[in-house]
2 protein chains.
Amino acid sequence: MRIPARPTMADVAAAAGVGMGTVSRVVNGGVNVRESTRRRVEAVIERLGYRPSHLAAALSRGTSRTVAILVPYLTRPASVARLAGALSVLAEQRYQTIVCIVETPGQLDHHLAELTVRHRADGVIAVSVPLGEEHVAAFRRGSVPIVAVDTVVAGVPQTTARDVAGGQLAAGHLLSLGHQRIGFIGDLISKQELPFTSSKLRMRGYRRELTSAQIRFDPRLVRLGAHSAAAAAELASQLLTMRDPPTAIFAASDTQAMGVLRAAERCGFAVPAMLSVIGFDDIESSALLDLSTIHQPLEHSGAEGARRLCTLLAGSRVRPLRQQLPLRLVKRASTGPLPGRSGGSRPHLLSAGAGGRARERSQAGPPAGRRPLDTRFTRHSSRHVEGGM
Amino acid sequence: MRIPARPTMADVAAAAGVGMGTVSRVVNGGVNVRESTRRRVEAVIERLGYRPSHLAAALSRGTSRTVAILVPYLTRPASVARLAGALSVLAEQRYQTIVCIVETPGQLDHHLAELTVRHRADGVIAVSVPLGEEHVAAFRRGSVPIVAVDTVVAGVPQTTARDVAGGQLAAGHLLSLGHQRIGFIGDLISKQELPFTSSKLRMRGYRRELTSAQIRFDPRLVRLGAHSAAAAAELASQLLTMRDPPTAIFAASDTQAMGVLRAAERCGFAVPAMLSVIGFDDIESSALLDLSTIHQPLEHSGAEGARRLCTLLAGSRVRPLRQQLPLRLVKRASTGPLPGRSGGSRPHLLSAGAGGRARERSQAGPPAGRRPLDTRFTRHSSRHVEGGM
DNA sequence: GTGAAAGCGCTAACAC
DNA sequence: GTGTTAGCGCTTTCAC
């Protein structure tokens with residue numbers, strides 16, 4: 001008896017002398033099959049090297065137990081953490097997961113077209129990706145359930161954090177330390193990108209908090225640029241080389257805050273003695289760098305989104321359509337009281353005197369009247385000193 | 001004319017008064033269809049809200065244009081970078097990608113079972129995941145093409161870096177700076193985990209290089225633990241509180257090197273004045289922290305793996321079965337000459353005098369005879385000083 | 001250019 | 001328990 005190159009279930013049935021139904025039962029757990037029959041069929045399966053076809057099974061069943069997740073920027077720790085949280089739940093629930101990187105409108109359209117097709121994904125999780133009504137409508141027309149994480153999408157179950165409140169929390173923390181001139185560094189969204197909103201919302205919270213504190217908003221203290229430590233460092237350098245630099249900087253993300261720390265070190269601002277820095281997200285390396293920040297449960301948000309999608313797929317309704325995850329201020333060593341107020345703050349790692357390195361050109365040339373970068377040695381207890389001397 | 005809940009291609013054909021073949025052609029690019037016919041069919045498609053079935057199309061065609069990627073540890077920047085590189089190429093080639101997180105033997109078996117099924121994945125990329133012969137055989141039996149990235153798998157096209165050579169490069173760099181007592185911090189693989197090999201290979205390079213330099217291998221200078229900055233910091237503290245601590249430490253990854261930097265700072269070892277630190281991978285934050293390291297093209301390796309898989313899927317053979325990507329020593333500020341040899345090294349960020357913070361207990365208590373952490377202020381030009389004073 | 005029809009390989013309902 | 005069969009929804013010859 002010759003073995004077909006790619007035996008099908010029918011081949012197995014024939015070879016085992018049983019009907020296809022029996023083979024199907026054996027393949028799918030073997031319930032309602034006599035033990036001896038099961039063994040015989042399994043032997044044939046083994047002998048023929050039979051592999052069931054996922055496609056045929058899924059088509060017949062009408063579902064493939066596959067979900068898709070839209071996520072931007074694998075370069076950002078926060079995105080990755082959310083993705084990881086979702087993947088872990090999905091794997092646990094025995095769903096396979098298609099990951100789609102979505103950063104530009106073009107990519108969104110592309111993946112939308114693929115995912116709104118019938119039978120491609122049982123459901124979709126949109127992480128941080130801003131979906132318009134037309135996108136939601138497309139999924140609805142395709143009867144593809146969708147949930148959102150870290151992004152507000154009308155009419156869709158969503159798991160978010162209060163970015164505005166978080167911005168207030170950060171600014172409020174700095175205000176409570178006596179700071180009045182507080183800089184903000186956030187994302188500048190280019191035309192090619194999708195309009196990701198968290199930076200903007202966090203800035204809104206910052207402005208709101210400043211207003212509550214009766215502090216005049218100074219647009220010169222706000223700098224927007226690419227979402228990277230390097231870009232943030234450049235922007236922070238601009239702030240720190242102003243005639244009247246801020247005494248604190250709120251960065252819209254920890255990644256950017258790290259750039260600020262770097263800039264502070266380069267420009268000779270001891271942290272937190274001369275400059276307080278706070279970030280947002282509480283990614284893993286923030287603890288390592290002792291960065292004060294706004295903590296949000298990143299992995300958990302992805303996991304929650306996945307769970308809610310599973311609920312939807314199981315045919316249930318999800319309970320609160322808008323789920324808000326808690327935010328929390330994490331005070332570490334990068335923020336401290338305004339110099340000259342209570343003094344004696346603990347020093348931060350990155351700013352305690354390491355000078356510039358020769359091969360690195362300072363990104364913003366040293367301002368007139370400021371010492372060259374490589375001759376400074378900061379003392380933590382110094383007050384009202386300029387330039388870190 | 002009533003509209004079926006989920007119209008099929010047959011419904012469209014009937015409503016448009018054409019055959020199914022025509023509708024199929026229209027849906028798939030509309031070649032060989034008269035303009036007027038195409039319009040008519042498209043109108044019906046729109047009116048009925050027809051969505052093609054991916055499953056049916058794929059089953060009929062015999063392929064789903066979907067690949068799977070096995071990757072461990074989304075918590076590791078290196079894994080994520082490789083994943084990102086692969087996803088980007090795959091999206092470009094219009095493949096959808098199923099991402100499977102694989103960290104334990106159980107997860108590997110699970111995903112293996114799912115992916116060796118017929119018609120699930122057109123091909124598979126294994127990133128860093130150690131596959132045994134039995135796994136390769138399973139994919140072969142299922143006729144599922146597979147390529148490996150950052151892992152050696154017998155008989156499978158693979159894209160790797162010379163980890164052993166990289167370890168030699170790192171150790172050699174430290175040796176060339178005059179260091180003789182060189183510590184190593186690497187991964188301890190638990191029984192529950194898959195036997196990931198890079199740390200071990202890098203250590204092999206380290207030992208090999210030491211041997212070449214006629215330096216006796218001291219097992220006390222080798223510490224293995226969990227792959228995290230925190231665990232590495234703990235291990236580094238152990239090394240630094242020895243009676244005769246190493247003057248340099250090679251960490252098997254940048255993440256671990258960051259833990260070492262942190263430990264150095266806590267234990268009062270100025271970097272690189274008193275301790276040189278080198279990592280491996282050159283992840284993004286390494287530049288920010290000015291960490292010397294061994295650079296390897298992470299994203300590129302993922303991209304190459306993806307390209308090679310695509311080549312395989314296109315029916316071609318891949319050229320060199322074993323593709324080796326170049327490794328490169330990146331000298332930054334965390335490594336310097338052995339104290340007392342040439343002196344005058346540039347200071348490293350994390351070690352220039354920031355003291356411990358009160359609420360953080362030092363992980364390994366300060367050794368007898370060493371100053372308390374919070375009273376030190378390091379001067380860069382100092383030599384032979386202990387504790388950073 | 002277009003229509004008809006034979007698969008693709010399985011699941012599930014139903015009869016025995 | 002087990003066999004039979006009708007779909008699942010599309011692609012792709014092949015004839016016209």
Side-chain angles (χ1 to χ4, degrees), chain A residues 3-42 44-45 48-66 114 116-120 122 142-143, chain B residues 3-42 44-45 48-66 114 116-120 122 142-143:
Chain A
I3 299 177
R6 275 290 140 213
T8 69
M9 190 171 271
D11 295 322
V12 174
V18 300
M20 281 183 60
T22 300
V23 179
S24 178
R25 280 172 219 122
V26 170
V27 168
N28 298 299
V31 288
N32 279 12
V33 177
R34 193 187 303 144
E35 177 66 14
S36 62
T37 311
R38 210 206 60 205
R39 279 211 219 292
R40 190 153 39 95
V41 172
E42 280 173 344
V44 173
I45 285 176
L48 298 189
Y50 166 72
R51 312 263 123 186
S53 160
H54 167 80
L55 246 26
L59 174 60
S60 181
R61 199 187 303 120
T63 180
S64 61
R65 219 168 171 80
T66 301
E114 288 189 320
T116 50
V117 151
R118 255 189 102 183
H119 292 161
R120 172 70 269 203
D122 294 352
S143 306
Chain B
I3 299 177
R6 276 290 140 211
T8 68
M9 191 171 269
D11 295 322
V12 174
V18 300
M20 281 184 58
T22 301
V23 179
S24 178
R25 279 172 219 124
V26 170
V27 168
N28 298 299
V31 288
N32 279 13
V33 177
R34 194 185 304 142
E35 177 67 13
S36 61
T37 310
R38 209 204 61 206
R39 276 210 221 294
R40 189 152 40 94
V41 172
E42 280 173 344
V44 174
I45 284 175
L48 297 189
Y50 166 72
R51 313 262 124 187
S53 160
H54 167 79
L55 245 27
L59 174 59
S60 181
R61 200 186 302 120
T63 180
S64 61
R65 220 170 169 81
T66 299
E114 288 189 317
T116 50
V117 150
R118 253 189 103 183
H119 291 160
R120 172 70 273 202
D122 295 352
S143 306

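All chains are named by letter (A, B, ...) in the order of the sequence lines, taking the proteins before the strands, and each is independently numbered beginning at 1.
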Is there a donor N/O on one and an acceptor N/O on the other, under 3.5 Å, for the side chain of [X] and the base of [N]?
X	N	answer
A/T22	D/dG1	no
A/S60	D/dG7	yes
A/R25	D/dG3	yes

Task: Nucleotide nearest B/A56 when distance is taken to its side chain, options D/dG9, C/dT11, C/dG1 - done: D/dG9
Task: Which nucleotide in C/dC10, D/dT11, C/dG1 has an atom nearest any side-chain atom of A/M9 - done: C/dC10
Rounded distance (Å) that lies between atom [atom2] of [N] and atom [atom1] of [X]:
X	N	atom1	atom2	answer
B/L55	C/dC8	CG	P	17 Å
A/L59	C/dC10	CG	C1'	8 Å
B/R120	C/dC8	CZ	P	21 Å
A/M20	D/dT5	CE	C1'	10 Å
A/R6	C/dG9	CZ	C1'	13 Å
B/H119	D/dC10	NE2	P	17 Å
B/N28	D/dG9	CG	C1'	13 Å
A/I45	C/dG9	CD1	P	16 Å

Mind checking if [X] touches a base, just sugar-phosphate, or nothing, with heavy atoms under 4.0 Å?
X	answer
B/G21	base
B/R51	sugar-phosphate
B/R118	sugar-phosphate
B/V18	sugar-phosphate
B/G17	sugar-phosphate
B/S24	base

Open item on the list: Between B/R61 and B/R40, which residue's closest nucleotide on DNA chain C lies nearer the 5′ terminus?
Closed with: B/R40
Open item on the list: Once rounded to the nearest 0.5 Å, what's the spacing between atom CZ of B/R25 and atom OG1 of B/T37?
Closed with: 10.5 Å
Task: For A/P52, the option from A/T8, A/V23, A/V27 that meets side-chain contact (heavy atoms from CB on, under 4.5 Å) - done: A/V27
Task: Over all atoms of both residues, closest heavy-atom pair of B/S53 and A/V117 - done: C-CG1, 4.4 Å
Using OP1 and OP2 only, check whether a side-chain N or O of [X] sits under 4.0 Å from [N].
X	N	answer
B/R34	C/dT2	yes
B/N32	C/dT2	no
B/T8	D/dC8	no
B/S53	D/dC8	no

Open item on the list: Assess whether a salt bridge exists between A/R39 and A/E42, defined as any Lys/Arg side-chain N lying under 4.0 Å from an Asp/Glu carboxylate O.
Closed with: no
- [ ] For B/H119 and B/S64, run side-chain contact (heavy atoms from CB on, under 4.5 Å): C-alpha distance rounded to whole Å, both residues' side-chain angles, the deciding distance at 0.1 Å, then the answer.
- [x] CA-CA 7 Å; B/H119 291 160; B/S64 61; over 6 Å; no
Task: Counterpart residues, side-chain contact (heavy atoms from CB on, under 4.5 Å), relative to B/R51 (two or more places apart) - done: A/T116, A/R118, A/R141, B/R6
